[in-house]
Every structure is written in C-alpha cells, then in structure tokens.
Amino acid sequence: MPSKAPKLGQANPLNGNRWIDWLHHVRDHYGGKYFLALYLTQALCIRISQALQLQASHFDFKAQTVFIAAFKGHSAVKKPLVPSVRQALQTIKLKGVDSSEKQNFQWPKRGYLFPARRGAKKPYMTRFVVAHTV
C-alpha cells in the first residue's frame, strides 16, 4: 500500500544532518537571530512563539535552567539546559552568531532576545515575521 502524500503545506521532516544544514543555511542567508530562534525551538523543545518571547534574564547559566513563560494553557516552567546546549548558548552569549551575508547577532544584556521593531504591537518579534523572512 503506497504511503499517503503529505497534505498541502506540510513539509517533510528534517532529520539529522538535514536539520543542521538548514540551520546553517538560515544563519548564512537570513541572519544570526533567525538561526538562534530556530535553534532554541529544537534545543528547548518549544514553539517558535515561545522562543521569540525569551528574555536575556530568563537564562540562568549557573543553575543551568531557562524560564519558559506560560503559553497556551500550560503553566510557566523552568527547563534544565542540557550541557551541550548550555555550552552552545554561553558561546553565543559571549561571541554572538556570525552570519556571512546578514547582520551578526549579539546577545542583549537585558530585554527580549528578539525585540520587535519600533512601533510594533508586541515588544518581541512574532512568528509571522520569522515565517515571512525564512
């Protein structure tokens, strides 16, 4: 029996090296902030909307946790940072994310990791901006 074709708008999964290749493509062609947003979705097992709402103060590298705000009926939670993720995020915090074509990303000292442009309705970038850009 043939497998079902994916529904319209449904993408095939990016497993293994394909996901890493995709992240590097995003980093190089769309910028470090989009790379970090997508990386956080995978590393923390959260939705893109949750990643975009993260603030610099939500990360506690000494306790190796990150605060995830309440979202869609789920309560707020402190998630542990896996050592490899913690190390990668600390490196990004210190050195930023270099992009070959776009502006490099620098970890903010305070506030949202992904602030919105001036005049936006929300103080952080929305998932629609990421979807339109990427």
Side-chain angles (χ1 to χ4, degrees):
M1 178 184 229
S3 63
K4 288 174 108 179
K7 293 180 183 176
L8 188 61
Q10 198 174 35
N12 291 326
L14 296 174
N15 298 322
N17 288 339
R18 292 177 67 201
W19 174 252
I20 294 168
D21 292 343
W22 169 245
L23 285 177
H24 291 165
H25 173 78
V26 169
R27 180 196 64 205
D28 293 339
H29 296 284
Y30 301 105
K33 68 180 174 182
Y34 296 102
F35 163 82
L36 181 59
L38 294 176
Y39 175 75
L40 288 170
T41 62
Q42 180 204 24
L44 301 175
C45 298
I46 58 176
R47 298 170 186 244
I48 187 69
S49 297
Q50 291 173 294
L52 296 173
Q53 293 178 36
L54 288 172
Q55 298 182 31
S57 62
H58 290 171
F59 291 86
D60 184 351
F61 291 108
K62 288 182 182 174
Q64 300 181 24
T65 60
V66 61
F67 174 78
I68 307 295
F71 190 79
K72 287 202 170 197
H74 296 278
S75 58
V77 65
K78 276 197 170 187
K79 284 192 164 197
L81 290 172
V82 176
S84 59
V85 171
R86 180 184 51 81
Q87 185 178 9
L89 291 176
Q90 283 183 307
T91 302
I92 290 170
K93 184 177 179 183
L94 292 174
K95 298 181 181 178
V97 178
D98 292 335
S99 176
S100 60
E101 293 183 14
K102 298 290 182 177
Q103 183 179 8
N104 295 337
F105 174 83
Q106 294 298 316
W107 193 280
K109 293 188 187 294
R110 62 179 174 269
Y112 289 98
L113 291 181
F114 311 101
R117 292 184 180 174
R118 289 187 180 178
K121 292 181 182 178
K122 296 185 178 183
Y124 51 86
M125 193 167 48
T126 66
R127 63 188 170 104
F128 301 110
V129 172
V130 175
H132 177 75
T133 303
V134 177

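Since this is a predicted model, take the numbers as computed values, not measurements.
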Exercise. Do F61 and L81 have side-chain heavy atoms sitting under 4.5 Å apart?
Worked result: yes

Exercise. Strictly under 6.0 Å, is that where the ring centroids of W22 and F35 end up?
Worked result: no

Problem set entry | Nearest heavy atoms of I68 and Q50, plus distance in Å | CG2-NE2, 3.6 Å

Exercise. Can any side-chain N or O of K79 pair as donor or acceptor with the backbone N or O of L44 at less than 3.5 Å?
Worked result: yes

For this session: Check W19 against Q42 and note the closest heavy-atom contact, atom names and distance.
Result: NE1-OE1, 2.8 Å

Exercise. When rounded to the nearest 0.5 angstrom, what is the spacing between CG in L94 and CD in Q106?
Worked result: 10.5 Å

For this session: Keeping the roles fixed (side chain from T41, backbone from L38), state whether a donor-acceptor pair exists under 3.5 Å.
Result: yes

Exercise. What distance do D60 atom CG and R86 atom CZ have between them, rounded to the nearest 0.5 Å?
Worked result: 11.0 Å

For this session: Could you check if a side-chain atom of Y39 sits within less than 4.5 angstrom of a side-chain atom of V97, using non-hydrogen atoms only?
Result: no

Problem set entry | Worked check of side chain to side chain contact (heavy atoms under 4.5 Å, CB included) between R47 and R127 | CA-CA 9 Å; R47 298 170 186 244; R127 63 188 170 104; over 6 Å; no

For this session: Spell out, yes or no, whether F71 and V66 are grouped together once hydrophobic residues are joined by side-chain heavy atoms under 4.5 Å, including indirect joins.
Result: no

Exercise. What closest approach, in Å, do P108 and A56 show between heavy atoms, and which atom pair accounts for it?
Worked result: O-CB, 3.5 Å

Seminar exercise, completed: Note: Y34 and V129 closest approach over all heavy atoms is OH-CG1, 4.0 Å

Seminar exercise, completed: Rounded to the nearest 0.5 Å, the OH atom of Y124 sits from the CG atom of L52 at a distance of 8.5 Å

For this session: Show your reasoning for whether side chain to side chain contact (heavy atoms under 4.5 Å, CB included) applies to D98 and F105.
Result: CA-CA 7 Å; D98 292 335; F105 174 83; over 6 Å; no

Exercise. Going through the checks in order, is the side chain to side chain contact (heavy atoms under 4.5 Å, CB included) test met by T65 and F59?
Worked result: CA-CA 6 Å; T65 60; F59 291 86; over 6 Å; no

Problem set entry | Sequence-distant partners of T91, side chain to side chain contact (heavy atoms under 4.5 Å, CB included), two or more places apart | K95

For this session: Step by step, work out the side chain to side chain contact (heavy atoms under 4.5 Å, CB included) result for L40 and I48.
Result: CA-CA 8 Å; L40 288 170; I48 187 69; over 6 Å; no

Problem set entry | Nearest heavy atoms of T133 and Y30, plus distance in Å | O-CE2, 3.2 Å

Problem set entry | Distance-minimising heavy-atom pair for L54 and F67 | CD2-O, 3.6 Å

For this session: Measure the spacing between CG of L113 and NZ of K33 and express it to the nearest 0.5 Å.
Result: 12.0 Å

Seminar exercise, completed: Sorted by chain and number, sequence neighbours left out, side chain to side chain contact (heavy atoms under 4.5 Å, CB included) with Q87 holds for none

For this session: Apply side chain to side chain contact (heavy atoms under 4.5 Å, CB included) to Q55 and list each qualifying residue two or more places apart in sequence or on a separate chain.
Result: S57, H58, Y112

